[in-house]
Asker: 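Handing you a structure now.
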Amino acid sequence: MNAIPPLQPLPEGEAPAAPAIGVYLSSRLDLKEIFGEATDPRLVLMRPEEVEDPAAVICALCWQAPDDGFDAYPNLKVAGSIAAGVDHILSCPSLPADAVVTRVRDDSQADLMAGFAAFHVVWHHRRMDDFHAWQSRGEWRRTDRPAEPCETTVGVLGYGLMGRAVARAVAALGFRVVAAARNAAEGDPGVEVVSGEDAIGRAAERADILVNVLPLTEATRDVLDAALFARMPKGACVIQIGRGEQMVEEDLLAALNAGQIAAASVDVFRNEPPGDDHPFWAHPRVFVTPHRASDTSRHATVRQLADAVEALAQGRAPENRVDRAKGY
Ligand code: GLV
């Protein structure tokens with residue numbers, strides 16, 4: 001494998017002599033349309049059809065790359081996600097075995113995610129579904145007060161950048177928070193962390209409202225299933241803002257119809273977009289949003305890819321490198 005052409009750190013304000021060449025790889029989105037204005041002087045990104053010399057391409061910015069998307073680029077060193085999740089890169093059959101995979105680590109995305117989760121926690125805690133339905137009928141109905149936040153437990157599945165931000169935001173509203181982490185971790189104030197064996201189940205069984213922000217790995221695929229819903233308190237709510245493949249959608253539907261789960265917010269689906277006949281569209285207890293819980297900053301995304309290429313060129317490990325074996 002060829003060495004990466006060295007990228008010299010530049011004196012402030014000077015344009016680089018030879019920016020690195022990267023390619024946008026997506027079977028679903030026009031990434032140039034989305035990221036074209038987010039430039040970094042160290043990097044030129046282009047669509048596959050614009051690449052004249054595939055051997056010059058050393059990095060890719062990816063969202064669900066075509067299965068053979070990486071095949072054309074023999075010298076590719078970095079495959080960067082446009083998002084926090086990298087499952088879509090790791091599962092791509094043409095990903096070179098030695099490519100470094102990076103994710104975006106964006107605090108502002110985590111804050112947005114926390115705001116989105118907090119909105120849905122409040123939505124379910126105050127049974128806003130009912131108010132919403134009554135508004136459409138012009139009904140002013142003041143139901144009994146819900147349990148106090150301090151008597152209501154919010155479970156957060158995942159305690160990385162996203163999970164921590166969500167847990168902190170929800171704890172700040174006064175809810176009791178129990179977060180499931182893969183490894184033991186010190187909780188932020190107001191957040192109890194459970195880890196190790198069956199941490200997900202142990203957090204879920206206490207959760208009146210459960211928020212999923214786990215990364216997708218073999219261990220977390222299908223984790224939100226009938227068995228987990230059955231362990232939750234009857235009438236609990238589910239907020240699914242992780243990855244679609246983590247939830248068995250038929251199991252949620254059955255749990256909703258049985259009253260075991262009272263209501264859900266679903267932002268991510270196994271197949272996106274879900275078909276017109278997907279039962280969640282018209283379900284009165286499911287709040288559907290189109291994978292829009294939060295966005296990464298386009299500028300941070302491109303800058304972090306350029307940082308990763310530069311780090312490799314200088315013999316350093318990129319900060320946002322993911323552990324390919326762990327899957328995040
Ligand atoms: C969005 O889905 C993300 O992974 O950030």
Side-chain angles (χ1 to χ4, degrees), residues 24-31 33-35 38 60-65 69 78-92 95 100-120 156-169 181-182 211-224 238-247 249 264-274 280 287-305 307-308 318-324 326-328:
Y24 297 111
L25 288 184
S26 179
S27 55
R28 299 277 302 280
L29 302 176
D30 182 349
L31 295 180
E33 180 84 19
I34 302 171
F35 289 91
L61 187 62
C62 312
W63 178 255
Q64 297 178 337
V78 186
S81 175
I82 63 164
V86 292
D87 44 283
H88 58 98
I89 297 181
L90 297 176
S91 63
C92 183
L95 177 69
V100 167
V101 176
T102 61
R103 53 171 288 190
V104 183
R105 275 188 78 81
D106 178 1
D107 289 336
S108 64
Q109 184 194 14
D111 290 343
L112 274 177
M113 196 74 165
F116 188 91
F119 168 92
H120 284 271
V156 179
L157 303 184
Y159 203 55
L161 183 67
M162 298 294 157
R164 269 181 191 269
V166 168
R168 266 198 306 268
R182 181 173 152 138
V211 184
N212 174 43
V213 281
L214 288 163
L216 178 64
T217 65
E218 276 322 303
T220 67
R221 189 176 295 279
D222 294 334
V223 76
L224 301 176
V238 172
I239 299 169
Q240 159 61 329
I241 50 177
R243 277 286 185 260
E245 295 90 329
Q246 290 163 336
M247 188 163 76
E249 293 168 359
S265 298
V266 183
D267 183 58
V268 288
F269 287 77
R270 295 191 92 91
N271 292 308
E272 294 181 2
F280 292 169
F287 191 151
V288 170
T289 47
H291 202 141
R292 262 288 174 254
S294 69
D295 297 309
T296 46
S297 141
R298 287 171 304 157
H299 294 281
T301 302
V302 171
R303 189 178 60 246
Q304 289 184 18
L305 182 60
D307 286 347
E319 274 182 32
N320 297 344
R321 175 182 199 158
V322 304
D323 179 334
R324 286 181 60 159
K326 275 198 200 157
Y328 56 91

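One-based numbering along the sequence shown. Atoms within each ligand, like the ligands themselves, are counted from 1 in listed order.
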Asker: Under the rule for ring-ring contact (aromatic ring centres under 6.0 Å, His included), what residues qualify as partners of Phe287, not counting sequence neighbours?
Answerer: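 Phe287: ring-ring contact (aromatic ring centres under 6.0 Å, His included) contacts with His120, Trp123.
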Asker: Let me see the working for Asp267 and Arg292 under salt bridge (charged side-chain N to carboxylate O under 4.0 Å, His left out), right down to the final yes or no.
Answerer: CA-CA 7 Å; Asp267 183 58; Arg292 262 288 174 254; over 6 Å; no
Asker: Just by distance, do the side chain of Arg270 and the backbone of Met247 share a donor-acceptor pair under 3.5 Å?
Answerer: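 Checked: pair present.
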Asker: Report yes or no: does Thr220 contribute a side-chain atom to a donor-acceptor pair with the main-chain N or O of Pro215 at less than 3.5 Å?
Answerer: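 A pair under 3.5 Å: yes.
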Asker: Among Thr217, Asp87, Asn212, Asp222, find the one that has a side-chain hydrogen bond (donor to acceptor under 3.5 Å, both in side chains) with Gln246.
Answerer: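 Answer after filtering Thr217, Asp87, Asn212, Asp222: Asn212.
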Asker: Considering non-hydrogen atoms only, spot the tightest contact between Ala165 and Ala114 and give its length.
Answerer: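 Shortest heavy-atom contact: O-CB, 3.3 Å.
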Asker: Can you list, by chain and residue number, every protein residue with a non-hydrogen atom closer than 4.0 Å to ligand 1?
Answerer: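 Shell around ligand 1 (4.0 Å, heavy atoms): Ala83, Ala84, Gly85, Gln109, Arg243, His291.
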